[in-house]
Trainee: 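Could you have a look at this structure, given as structure tokens, before my questions?
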Amino acid sequence: MKKVYMFLIGFIVVGIISVFLLKNTEEQNKNNQDILTVSGILETNETDVNVKVGGKILEIMVEEGDNVKKGDIIATVEAENIVAKLEQAKALLGIATTRVEQSKIAYEAQKEQSESQIQQANGAYSSAKAQLVKAKKGARPQQLEQAKELVVQAKEAYDYTKVTYDRLKKLYDEGVIPQQKIDGAKAELEVAKAKYNTAQQQYDLVKEGVQKEDISSAEGLVTQAEAMVSLANVTKLQVSAKEQDMIAAKEQLIQAQAGVNEVMSYLNDSTIKAPVDGTITVKNADNGELVSTGMPVVSIANLKEIWANIKVKESAITKIKIGDMIDVIIPGDNNKVYKGKVTTISSKASYATERATQDKNEKDVVAFTVKIKLKNDDLRLKPGMTATLKLKKSK
């Protein structure tokens with residue numbers, strides 16, 4: 001009888017345990033059904049370093065996996081033709097510089113000559129008018145003194161013209177000014193000398209007394225002086241022409257300098273430098289290889305700024321918000337769990353397939369892109385590695 005009781009008690013205990021285990025299994029299965037496992041890939045910002053000047057690669061300074069800083073030299077491209085163009089551009093710059101200097105000298109000389117001619121012509125005209133007035137009025141003590149003063153002025157004008165002629169003669173001998181200019185200066189010197197002689201003769205005549213023929217002579221001098229004034233004013237056009245030549249020479253100098261700067265830019269571009277800090281992820285060229293403009297030599301990725309790009313189905317997206325810290329499993333790193341921060345959740349859903357969402361054992365209609373930033377100070381994580389999340393589904 002006692003054995004029967006023991007059997008009944010054991011049967012009841014086994015039944016209770018079985019019911020408990022069954023209930024626990026059902027609860028566990030239910031919890032598993034509420035968990036959604038999704039996976040994506042790791043991404044980072046990657047920069048292609050392109051060739052700006054085509055040619056033969058002389059040397060590649062980096063290998064895949066190397067860390068570089070902004071400004072580090074990545075590679076050098078052969079630039080012999082660019083160096084030749086630079087020498088040519090510098091030669092043109094030198095010619096343009098010389099032309100500017102010569103045009104400036106010619107302009108200043110022409111301006112000075114024109115001003116001198118105008119001044120002398122106006123002086124001669126005034127002198128001739130005065131002589132005519134004196135001739136008509138007759139000789140007086142004051143006129144004698146004035147005639148003497150005109151001799152002094154004519155002598156000074158002649159001396160000034162002589163100095164101007166000597167200076168222009170020197171410029172002509174150096175090849176700075178043309179034959180026309182020295183001929184004009186020589187003619188002006190002869191005119192000044194003649195005027196000086198005329199003034200001396202007029203002085204002598206005043207001392208001896210003015211005759212009728214002297215009045216006619218004075219009138220002729222006035223006419224001659226008026227012509228000289230008109231001719232001197234024409235020289236202003238020559239000054240303007242020289243000024244335009246100088247302006248054109250300066251513009252050519254600017255163009256020549258721009259040409260040198262452009263070739264220097266090409267020469268600098270033959271040395272390829274890292275535009276950003278990062279790690280060399282792809283190397284597309286080797287020493288001696290011919291590369292064309294726009295071809296990427298290497299790619300640089302900032303592995304410290306890495307994130308998981310995962311598409312999460314609508315059944316779980318409400319369980320995530322920006323700023324959440326989430327466990328991210330990296331199968332390629334022995335299923336190591338990384339803490340990540342949600343930085344982006346797309347506002348617009350996209351139609352998803354099983355492949356797009358990369359869910360396990362389940363399909364859905366739409367999904368949302370979620371970006372989770374991870375710490376990667378030791379650079380263990382690489383772009384393209386798989387990242388996995390376990391999320392609860394929305395009820």
Side-chain angles (χ1 to χ4, degrees), residues 38-86 261-311 328-341 343-344 355-356 358 369-389:
V38 293
S39 61
I41 60 172
L42 298 184
E43 296 180 350
T44 187
N45 289 322
E46 195 167 32
T47 302
D48 289 335
V49 183
N50 299 325
V51 176
K52 294 184 178 180
V53 177
K56 183 173 69 175
I57 294 290
L58 295 179
E59 185 177 5
I60 292 284
M61 312 293 188
V62 296
E63 297 292 340
E64 292 183 0
D66 290 349
N67 294 322
V68 295
K69 295 289 185 181
K70 181 179 180 180
D72 288 350
I73 297 178
I74 300 296
T76 55
V77 179
E78 189 176 45
E80 292 182 0
N81 59 332
I82 301 178
V83 173
K85 290 181 179 179
L86 178 61
N261 295 341
E262 181 180 11
V263 178
M264 281 296 299
S265 176
Y266 291 146
L267 186 61
N268 292 334
D269 289 341
S270 66
T271 300
I272 304 172
K273 298 181 180 180
V276 294
D277 298 346
T279 302
I280 304 297
T281 55
V282 179
K283 178 183 175 185
N284 296 317
D286 291 310
N287 295 342
E289 185 175 344
L290 291 176
V291 292
S292 59
T293 302
M295 174 182 173
V297 177
V298 297
S299 295
I300 301 176
N302 184 4
L303 298 183
K304 290 185 178 181
E305 296 289 334
I306 198 165
W307 62 86
N309 189 331
I310 298 175
K311 292 185 182 297
V328 179
I329 303 170
I330 307 299
D333 193 10
N334 297 321
N335 290 321
K336 183 177 178 180
V337 177
Y338 286 79
K339 284 288 186 180
K341 183 178 181 180
T343 59
T344 304
R355 181 180 180 184
Q358 298 184 21
T369 300
V370 177
K371 290 186 178 181
I372 305 170
K373 186 177 180 180
L374 303 175
K375 291 189 65 175
N376 191 32
D377 295 336
D378 55 3
L379 306 183
R380 289 175 61 87
L381 302 179
K382 310 295 182 184
M385 294 178 71
T386 302
T388 302
L389 298 181

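Model, not experiment: these values are computed from the prediction.
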Trainee: If you take all heavy atoms of V53 and S270, which pair is closest and at what distance?
Mentor: CG2-N, 4.3 Å
Trainee: For E262, what residues pass the side chain to side chain donor-acceptor pair (under 3.5 Å) criterion, not counting sequence neighbours?
Mentor: Y266
Trainee: Show the nearest heavy-atom pair for residues K283 and E64, with the distance to one decimal.
Mentor: N-OE2, 3.1 Å
Trainee: Has N309 got a side-chain atom pairing as donor or acceptor with I41's backbone, closer than 3.5 angstrom?
Mentor: no
Trainee: Decide if atom NZ of K341 counts as having more than 12 heavy atoms of other residues, nucleotides or ligands within a radius under 6.0 Å.
Mentor: no
Trainee: I need the minimum non-hydrogen distance between G54 and T293, along with the two atoms involved.
Mentor: N-OG1, 3.5 Å
Trainee: Are the side chains of V38 and K311 in contact, using a 4.5 Å heavy-atom criterion?
Mentor: no
Trainee: Any side-chain heavy-atom pair from V337 and I329 closer than 4.5 angstrom?
Mentor: yes
Trainee: Contact between I272 and M61 at the side-chain level, heavy atoms closer than 4.5 Å - yes or no?
Mentor: no
Trainee: Taking atom NZ of K273 and atom CD1 of I74, what is their separation to the nearest 0.5 Å?
Mentor: 11.0 Å
Trainee: When rounded to the nearest 0.5 angstrom, what is the spacing between OG1 in T279 and NZ in K382?
Mentor: 6.5 Å
Trainee: Do the non-hydrogen side-chain atoms of I60 and D286 ever get within less than 4.5 Å of each other?
Mentor: no
Trainee: Starting at CD1 of I310, measure out to OG of S39 and round the result to the nearest 0.5 Å.
Mentor: 7.5 Å
Trainee: Within the distance-only criterion (no hydrogens, no angle test), does the side chain of E59 pair as donor or acceptor with the backbone N or O of T76 below 3.5 angstrom?
Mentor: no
Trainee: Considering only distance and modelled atom types, tabulate donor-acceptor pairs under 3.5 Å from the side chains of residues 296-307, sequence neighbours left out.
Mentor:
{"unit_1": "S299", "atom_1": "OG", "unit_2": "D48", "atom_2": "OD1", "d": "2.6"}
{"unit_1": "N302", "atom_1": "OD1", "unit_2": "K304", "atom_2": "N", "d": "3.4"}
{"unit_1": "E305", "atom_1": "OE1", "unit_2": "K373", "atom_2": "NZ", "d": "3.2"}
{"unit_1": "W307", "atom_1": "NE1", "unit_2": "E43", "atom_2": "OE1", "d": "3.3"}

Trainee: If you compare all heavy atoms of S292 against all heavy atoms of V51, which two are closest, and at what distance to 0.1 Å?
Mentor: O-CB, 3.6 Å
Trainee: So which of N376, I330, T386 actually passes side-chain contact (heavy atoms from CB on, under 4.5 Å) with L42?
Mentor: I330
Trainee: For a side chain to side chain contact (heavy atoms under 4.5 Å, CB included) check, start with the C-alpha distance between L86 and M264, then their side-chain angles and the critical distance, and finish with the verdict.
Mentor: CA-CA 7 Å; L86 178 61; M264 281 296 299; 3.6 Å; yes
Trainee: Do T369 and T344 have side chains that approach each other closer than 4.5 Å (heavy atoms only, starting at C-beta)?
Mentor: no
Trainee: So how far is it from D333 CG to L381 CG, rounded to the nearest 0.5 Å?
Mentor: 6.5 Å
Trainee: The test is side chain to side chain contact (heavy atoms under 4.5 Å, CB included); show your working for N67 and L379 and say whether it passes.
Mentor: CA-CA 11 Å; N67 294 322; L379 306 183; 4.1 Å; yes
Trainee: Could you pull out all residues at least two apart from K339 that satisfy salt bridge (Lys or Arg N to Asp or Glu O under 4.0 Å)?
Mentor: D327
Trainee: Indicate yes or no: at least one non-hydrogen side-chain atom of V77 is less than 4.5 angstrom from one of I57.
Mentor: yes
